[in-house]
Amino acid sequence: MEKEILQYLRNDGGLSSIPVIVITAFGSSDSAIEAVRLGAYDFIAKPFDLDEISLTAERALAHSSLNRELAELRVKVGRNGTPPAGRLIGASGPMLEVFKMIGKVAETDSTVLICGESGSGKELVAEAIHNYSQRKNKTLRGYQLRRNAGKPA
């Protein structure tokens, strides 16, 4: 009976994101393994302690919340594992200007010279431009980082 209910909840009932705790008077290791394999968060055999149920429910809800957050982050990151702006982070005025420039440059089919001091994130900017460009599904190659680029020798 447990098996059919779990299968219904996971497949037909549209409740795949809700944690299920199976409580039964007929607990065996085989049925516990089967319940968890079918998607139950936990399996508790009678007699049980109310504190145990409470703790298990709290953990199940926390686990469900983390799974939801993970799914949202995966959508934000995208299918290639890179956030839309690459690995660049920041919300300051200058960083927002960098993000705007990345968006503008990525729309073009031009060669780009990225200048900056060592450690300023030139490679990250190149990756972000690539990730927003028409070529995002191709391998990023053909860029070189040169020291003192644009400065007289």
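All residue numbers in this chain count up from 1 along the given sequence.
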- Non-hydrogen side-chain atoms of Val125 and Val105 separated by less than 4.5 Å: no
- Item | Residues in salt bridge (charged side-chain N to carboxylate O under 4.0 Å, His left out) contact with Asp109, at least two apart in sequence or another chain |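 Per chain and number, Asp109 pairs via salt bridge (charged side-chain N to carboxylate O under 4.0 Å, His left out) with Arg135.
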Let me have the donor-acceptor pairs involving side chains of residues 53-64, under 3.5 Å, with sequence neighbours excluded, atom names and distances please.
residue, atom, partner, partner atom, Å
Thr56, OG1, Glu52, O, 2.8
His63, ND1, Asn67, ND2, 3.4
Ser64, OG, Ser17, O, 3.1
Ser64, OG, Arg68, NH1, 3.3

Mind checking the [atom1]-[atom2] spacing from [X] to [Y]? Nearest 0.5 Å is all I need.
X: Ile102; Y: Ser133; atom1: CD1; atom2: OG; result: 12.0 Å
X: Lys136; Y: Gln134; atom1: NZ; atom2: CD; result: 8.0 Å
X: Thr108; Y: Ile129; atom1: OG1; atom2: CD1; result: 8.0 Å

- Query: With sequence neighbours left out, which residue pairs that include part of residues 97-106 fulfil the salt bridge (charged side-chain N to carboxylate O under 4.0 Å, His left out) condition?
  - Reply: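 Non-adjacent pairs meeting salt bridge (charged side-chain N to carboxylate O under 4.0 Å, His left out): Glu97-Lys100.
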- Item | Taking every non-hydrogen atom, the tightest pair across His130 and Lys138 | NE2-O, 2.9 Å
- What pair of heavy atoms forms the shortest contact from Ile114 to Lys122, and how long is it? O-CD, 3.7 Å
- Test side-chain contact (heavy atoms from CB on, under 4.5 Å) on Ile44 and Ile21 and set out the steps. CA-CA 7 Å; Ile44 300 174; Ile21 300 170; 3.9 Å; yes
- Message: With side-chain contact (heavy atoms from CB on, under 4.5 Å) as the criterion, how do Phe43 and Thr24 come out once you've worked through the C-alpha distance, each side chain's angles and the decisive distance to 0.1 Å?
- Response: CA-CA 8 Å; Phe43 182 93; Thr24 182; 3.2 Å; yes
